[in-house]
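What follows is a short report on a single structure.
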Amino acid sequence: MKIGEILTETMVLAQLSAADKEGVLTELASHLHAHAADVPGGAQDVLRALIDRERLGSTGVGEGVAIPHAKIPGLNRLVACFGRAIQGIAFDSIDQQPVRLFFVLLVPENSAGAHLKALARISRLLKDSSFRKTLLEFPDQAAIYNGFLEEDDKY
Amino acid sequence: MQGLEYRNSKRLFWHDQSLAPRSAPLHCSPMQIVIVGAGVVGTALAEQLSHEGHQVSVIDRDRHKVRELSEKLDVLGVHGNAAMPSVLRRAGIQEAQMVIAVTDVDEVNVIVGMMAMRLGVEHRIVRIRNSEYLDENCIISPQELGIEHVINPEPAIVDALVRMIEIPGSVDVATLAGGQVLMLGFDIEEDSPAAGKTTAELREVSDLDSFLFIDIMRGDEVIVPKGNDRILPGDNVHILVAEGTVPFLLPIIHRQRRQTARVILLGASRIGVELAKAMEGRVERMVLIEPDPGLAEEAASVLKKTTVLQGEGTDLEVLEEASIGTCDLFCAVSDNDQRNMLAALLARKHGAKKEAVLVHQPEFVPVLDSLGVEIVINPRLVTVSEALMHVRRGLVHSVTRLAGSRGEILEIEAQPGSRVVGAPLKALNFPKNALVGAIVRDDIMQIPTGDTIIQPGERVVVYALQEAIAAIEKLFAGTSRDGLPMR
């Protein structure tokens, strides 16, 4: 499982403008809906699925990282979106730290475990503190995207 | 004066099926087994294996031990030096299918292994504790010495401690299915996001994130959750989880992260040094206390990011110097049981949040348990467990007994022709008090549903209360060569 298989450059947002948890999820859901034609339903449906997942436990895994994810009925592939919020967003993270890096993963209903490989891959990449630091320093969308591909090649 | 307070937390009881012999024999044909060394490990193995119906003989140089053992168990006791061919012959080595050499002396164990190979004994399990015989600088490799399996509990102990440090808040860790699946134990606190929810309510997330509550311990009661069981504060739960999704599970269990950032180790034993090597640089602070100046110096030369203090672990000044007041985990892993226990109790009194204590004498395990020490490690019981895994190389790959629960986790290979394969799980008359926890397919842990069909040869993680184990074993066993179902 390579990050390039699930993330495209369009799906990278260099600066999220939202100010709170729901705002960030709304912004990411809208972007996913607008740029992945095969995501069924409206942006609202994506948002609801993500919020439902958050309700049972934050996906803020600590160190300024959140990996919101949810099953989307009718979806046929894994769809990912990365967003950066330099300002930091309160996200009920387990370490109480504001989140700056968001990696969203939409999962088909019959994923049969492929999403687990993706989730494990994403958390592994974002576990590296120097990579997290560089992600915050990249100037734009293209640099962030290439940064992901390069980092992914190291493993 | 302030006494030692009892803390209301569960400890990790070293996972082991050997704490009490199992009554249900496992599915492997009876063998003739020679056990060399009637120490703690040899005795426990003799007890377990003779219980399971194997023909066991035990050799030891202590006449009293041999007599005691042969009076207590249905085994042949042989007195003498096992490195002597005549002694091995008296124990019936020529007819044996397996030799397990677990004396306190590595060299004796090695010689027994070599002679057993020469005599054509099929399985040769040898304990070697000194890593010089095992690492790349060894002159003759264990394979060249005729050893089939080396048992050495230290790597497993280091691995479990590393995981406990890495997975904050866990009070219990076991690795299953070659690392794909973890079994974790947690205490549910008042503010836990999972508290008050039923396992059915968590099901959507737990399916997505690949974890499963396998039991809930509430006081003396053990609940195998079937959907409508509610998780309550004060419960101790066991969860199976895919290795990669642990980070998503933790926020569901704890509102806030339990950090294990500051660790103090007592004892530059092999375990102490290996643990420091594995964790230094990954935790905020690592301090190693070692009384022996030579060992302390040696440890300091190989550890780059660990502060090595030469001094007694029971010396308050030394503990203060190690900043005991802000210590998250105090690991007493020296070779001296009494020192470990005393130091850990002192560490707790002076502010350590959690203690792990290594004791060689199994008799100390319940004592530490009653004192509320969270993590108790007994290397000999781990050795027994390792040896048994090699004995049961057939159907059952591993057995993990859970702390304080009557539950066991079995890794079982579904045999072709067994009743468990080919039909959806919901169509099977699966024993009450048991559940299929996980299946590993394409290197990914999957949580089975009622529609899941287990394939022949697939490795399945099953949770079962003890009373259900015999039924589970029947369900997974194929038919024996003569066409009769195996017991």
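Residue numbering restarts at 1 for every chain, and letters A, B, ... go by the order of the sequence lines. Because only heavy atoms are used, hydrogens play no part in the values below, and waters and symmetry mates are left out as well, while side chains stay in.
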Worksheet item: Between A:G60 and B:P251, which heavy-atom pair has the shortest distance, and what is it?
Response: O-CG, 4.1 Å
Item to complete: Check whether more than 12 heavy atoms from other residues, nucleotides or ligands sit under 6.0 Å from atom CD of A:Q44, and answer yes or no.
Response: no
Item to complete: Rounded to the nearest 0.5 Å, what's the gap from CG on B:D442 to NZ on A:K117? Could you check?
Response: 6.5 Å
Practice prompt. Considering non-hydrogen atoms only, spot the tightest contact between B:G244 and A:S123 and give its length.
Written response: O-OG, 4.0 Å
Worksheet item: Where does B:I444 contact chain A at under 4.5 Å (heavy atoms): side chain, backbone, both or neither?
Response: side chain
Practice prompt. Mind listing the closest non-hydrogen atom pair of B:R255 and A:Q96 along with its distance?
Written response: O-NE2, 3.5 Å
Worksheet item: Can you tell me how far the CD atom of B:Q180 sits from the CG atom of A:L116, to the nearest 0.5 Å?
Response: 10.5 Å
Discussion item. Does atom CG (A:N76) have a neighbourhood of more than 12 heavy atoms from anything else shown, all under 6.0 Å?
Written reply: no
Discussion item. Taking side chain as everything from C-beta outward and backbone as N, CA, C, O, which of these in B:E201 sits under 4.5 Å from a heavy atom of chain A? Side chain, backbone, both or neither.
Written reply: backbone
Worksheet item: Does CG belonging to B:N228 count more than 12 external heavy atoms closer than 6.0 Å?
Response: no
Worksheet entry | B:K304, NZ atom: more than 12 neighbouring heavy atoms under 6.0 Å | yes
Worksheet entry | Greatest number of heavy atom pairs closer than 4.5 Å to chain B - which of A:L56, A:I67, A:V61 | A:L56
Discussion item. Looking at B:H254 and A:I94, would you say the former's side chain and the latter's main chain have a donor-acceptor pair under 3.5 Å?
Written reply: no
Worksheet item: At a heavy-atom separation under 4.5 Å, does A:V107 approach chain B through its side chain, its backbone, both, or neither?
Response: side chain
Item to complete: Count the heavy atoms of every other residue, nucleotide or ligand shown that sit under 6.0 Å from CD of A:E5, and state whether that count exceeds 12.
Response: yes
Practice prompt. Please indicate whether B:K226 has more than 12 foreign heavy atoms, meaning atoms of other residues, nucleotides or ligands, lying under 6.0 Å from its NZ.
Written response: yes
Worksheet item: Has B:K305 got more than 12 heavy atoms of other residues, nucleotides or ligands less than 6.0 Å from its NZ?
Response: no
Worksheet item: Are there more than 12 heavy atoms of other residues, nucleotides or ligands under 6.0 Å from atom CD of A:E137?
Response: yes
Discussion item. Can you tell me how far apart CZ (A:R55) and CD (B:E204) are? Round to the nearest 0.5 Å.
Written reply: 11.5 Å
Worksheet item: Given that the side chain runs from C-beta out, which part of B:Q446 has a heavy atom under 4.5 Å from chain A: side chain, backbone, both or neither?
Response: side chain
Discussion item. Run the salt bridge (Lys or Arg N to Asp or Glu O under 4.0 Å) test on B:D209 and A:R53 for me, step by step, so that the C-alpha distance in whole Å, both residues' side-chain angles and the decisive distance to 0.1 Å come before the verdict.
Written reply: CA-CA 10 Å; B:D209 291 359; A:R53 169 63 186 82; 2.6 Å; yes
